[in-house]
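What follows is a single structure, written as C-alpha cells, with notes after it.
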Amino acid sequence: MKDWDFVEAFSQIDERFIEEAENERTRKKIKKFPIRYFSSAIAACFCLLFLLPNLSKETAYALQSIPGIGSYFQLITFRKYSFEDGNHKAEVVVPKLEQGSEESGIKNNGETNVSKGKEAGSVASKESEKANSAQAINFDIEKKTDELIASFKQEIQSSEYKNLSVSSQVILDSENYYVLALSALQQEGDSFTQNHYYTMDKHSGKLLQLSDLFPEGTDYQKLLSEEVVSQMKAHNQKGDFPYFIQDGEDDEGFTEVKKDQSFYINGEGKLVLVFPQGEVAPMAQGEQQFVMPDRIWKA
C-alpha cells in the first residue's frame with residue numbers, strides 16, 4: 001500500500017474507536033494497580049492529618065497552608081512541664097491557640113466597590129476579634145497553668161504524695177462554634193478535677209460570655225436559675241446523691257446562675273451549665289453539668 005493510501009484509510013477510522021481503545025487501555029492499567037496501594041495511601045493521609053500537627057509548631061503551620069486543611073484555630077503544644085521523684089508526679093501540657101488559615105471568601109461577582117469594601121471591613125473586624133479571643137484564651141491558660149505548677153512545686157515540699165495532670169481537648173469545632181476545655185487533675189489522698197471552658201462564636205470571632213447568648217435585656221440569670229433548680233429537685237426526688245439547694249431550710253447550696261457562670265456548647269448545639277466539683281453536690285460526684293432545653297436556649 002502506498003503511503004497516501006495508508007493515510008487516507010486511517011483518516012476514515014471513526015474517532016469513537018480511538019477513544020474507546022484509549023479508555024480500555026486506561027482501565028487495564030487501573031486493574032493492574034493493587035488495591036492495597038489505595039489502602040496504604042488512605043492510611044498515610046490520615047496519619048498526616050491527625051499526627052503531624054502535634055509534632056511541632058512548624059509542621060502545624062505547614063499543614064495549614066495546604067488547601068482544604070486550614071482550620072478556624074490550630075491547637076498546638078506551647079510548652080510542657082514534667083516532674084517525678086517516686087512520690088510526686090506532674091505532667092502539664094500547656095496548649096496554645098494559633099489562628100487558622102480560613103480564606104475570607106471575598107470574590108468579585110460584580111459587586112460595587114462600596115459593598116466589597118464593607119465586606120472586606122467586616123472580615124477584617126472578625127479576624128481582629130478572633131485574634132483578640134485567641135490572645136485572651138492563651139493568656140488565661142498560661143496564667144492558670146503557671147499557678148498550678150507553682151502550687152505543685154510548693155506543696156511537694158511538705159506532702160508525701162501528690163499528682164498533677166493538665167491537658168486540653170477541643171470539645172466542639174462546628175460551623176458556628178469552637179469550644180476548648182482545659183482540664184486539671186490534682187491528687188493528694190483525694191482526687192480533684194477542675195475544667196475550664198472557652199467558647200468562641202465563629203461568625204464574630206468573639207470569646208463568648210453567658211450574657212452574649214441572649215438578647216439584650218433578657219433576665220437570663222433568672223431563666224437559667226429556675227431551670228437548674230427544677231432539674232435539681234427532680235433529681236433529688238429519685239433518692240440518688242443530693243444536690244445542694246439553698247431554699248430557706250439550708251443556708252448552703254445553689255442560689256442562682258452567676259454572670260461569670262462556667263458553660264459551653266456541646267456537639268448537639270445545647271447550652272451546658274457547669275458547676276465545679278463540690279459546689280452543688282458532694283465532692284465524690286465530681287463536676288456537675290446541666291443541659292438546658294431548647295425552650296431556654298437553642299443554637
Side-chain angles (χ1 to χ4, degrees), residues 50-51 53-55 57 73-98 134 136-173 177-200 207-208 210 228 232 235 240-244 252-254 258 260-267 270-291:
F50 296 105
L51 298 181
N54 295 311
L55 295 180
K57 183 176 180 179
F73 279 123
Q74 180 69 48
L75 187 66
I76 64 173
T77 297
F78 179 61
R79 64 187 175 91
K80 293 182 178 181
Y81 170 76
S82 299
F83 177 88
E84 185 171 8
D85 65 1
N87 295 322
H88 310 94
K89 183 178 180 180
E91 287 293 337
V92 180
V93 179
V94 184
K96 183 178 182 181
L97 284 177
E98 297 283 1
I137 293 169
N138 291 334
F139 178 82
D140 190 65
I141 288 177
E142 189 168 0
K143 180 175 180 291
K144 283 181 168 59
T145 51
D146 283 347
E147 291 173 349
L148 287 167
I149 293 172
S151 177
F152 173 82
K153 289 180 177 179
Q154 182 178 358
E155 291 175 6
I156 62 174
Q157 303 300 322
S158 57
S159 66
E160 295 183 1
Y161 168 80
K162 188 170 182 64
N163 178 54
L164 172 65
S165 177
V166 180
S167 60
S168 61
Q169 178 186 5
V170 176
I171 294 180
L172 179 64
D173 188 2
Y177 300 101
Y178 184 94
V179 181
L180 173 67
L182 179 73
S183 179
L185 168 65
Q186 301 181 70
Q187 294 173 311
E188 188 177 1
D190 294 327
S191 178
F192 177 74
T193 301
Q194 187 168 14
N195 297 312
H196 304 279
Y197 300 93
Y198 307 91
T199 301
M200 284 140 286
L207 175 61
L208 296 174
L210 192 55
V228 170
M232 284 182 170
H235 170 88
D240 297 335
F241 68 88
Y243 278 125
F244 309 143
E252 297 182 356
F254 175 77
K258 304 171 184 176
D260 61 349
Q261 180 71 47
S262 179
F263 76 95
Y264 69 92
I265 296 169
N266 65 17
K270 305 281 189 179
L271 171 61
V272 182
L273 301 185
V274 182
F275 294 86
Q277 184 175 355
E279 183 172 314
V280 297
M283 287 287 291
Q285 302 304 322
E287 177 184 85
Q288 296 300 306
Q289 300 187 357
F290 296 86
V291 179

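Since the structure is predicted, the reported quantities are computational estimates derived from the model, not experimental observations.
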Rounded at 0.5 Å granularity, tell me how far [atom1] in [X] sits from [atom2] in [Y].
{"X": "Q194", "Y": "L185", "atom1": "CD", "atom2": "CG", "result": "11.5 Å"}
{"X": "L148", "Y": "L182", "atom1": "CG", "atom2": "CG", "result": "8.0 Å"}
{"X": "Q277", "Y": "S191", "atom1": "CD", "atom2": "OG", "result": "6.5 Å"}
{"X": "M200", "Y": "I265", "atom1": "CE", "atom2": "CD1", "result": "10.5 Å"}
{"X": "I76", "Y": "F78", "atom1": "CD1", "atom2": "CZ", "result": "8.5 Å"}
{"X": "Q289", "Y": "L273", "atom1": "CD", "atom2": "CG", "result": "9.5 Å"}

If you apply the rule ring-ring contact (aromatic ring centres under 6.0 Å, His included), what do you find for F275 with F290, and how did you get there?
CA-CA 9 Å; F275 294 86; F290 296 86; 5.6 Å; yes

May I ask you to decide if the ring planes of F83 and Y81 are parallel, tilted or perpendicular, using 30° and 60° as cut-offs?
parallel

Using a 4.5 Å cut-off on heavy atoms from C-beta on, say whether the side chain of [Y] contacts that of [X].
{"X": "L180", "Y": "I141", "result": "yes"}
{"X": "L97", "Y": "Y178", "result": "yes"}
{"X": "K144", "Y": "V166", "result": "no"}
{"X": "T193", "Y": "S183", "result": "yes"}
{"X": "D85", "Y": "N87", "result": "yes"}

Mind listing the closest non-hydrogen atom pair of [X] and [Y] along with its distance?
{"X": "H88", "Y": "F152", "answer": "CB-CZ, 4.2 Å"}
{"X": "Y197", "Y": "S262", "answer": "CD1-OG, 3.5 Å"}
{"X": "N266", "Y": "L172", "answer": "O-CD2, 3.5 Å"}
{"X": "Y177", "Y": "L208", "answer": "CE2-CD1, 3.8 Å"}
{"X": "L210", "Y": "Q261", "answer": "CD2-CB, 3.9 Å"}
{"X": "E91", "Y": "S82", "answer": "OE1-OG, 3.0 Å"}

If only side-chain N and O atoms count, and only distance matters, is there a donor-acceptor pair under 3.5 Å linking N195 with Y264?
no

Are Q186 and E188 close enough that a side-chain donor and a side-chain acceptor fall under 3.5 Å?
no

Say whether, by atom type as modelled, one donor and one acceptor occur between the side chain of [X] and the main chain of [Y] under 3.5 angstrom.
{"X": "E98", "Y": "L75", "result": "no"}
{"X": "H196", "Y": "A184", "result": "no"}
{"X": "N138", "Y": "K96", "result": "no"}
{"X": "Q285", "Y": "Y243", "result": "no"}
{"X": "H235", "Y": "F241", "result": "yes"}

Is it true that atom NZ of K162 has more than 12 heavy atoms of other residues, nucleotides or ligands lying nearer than 6.0 Å?
yes

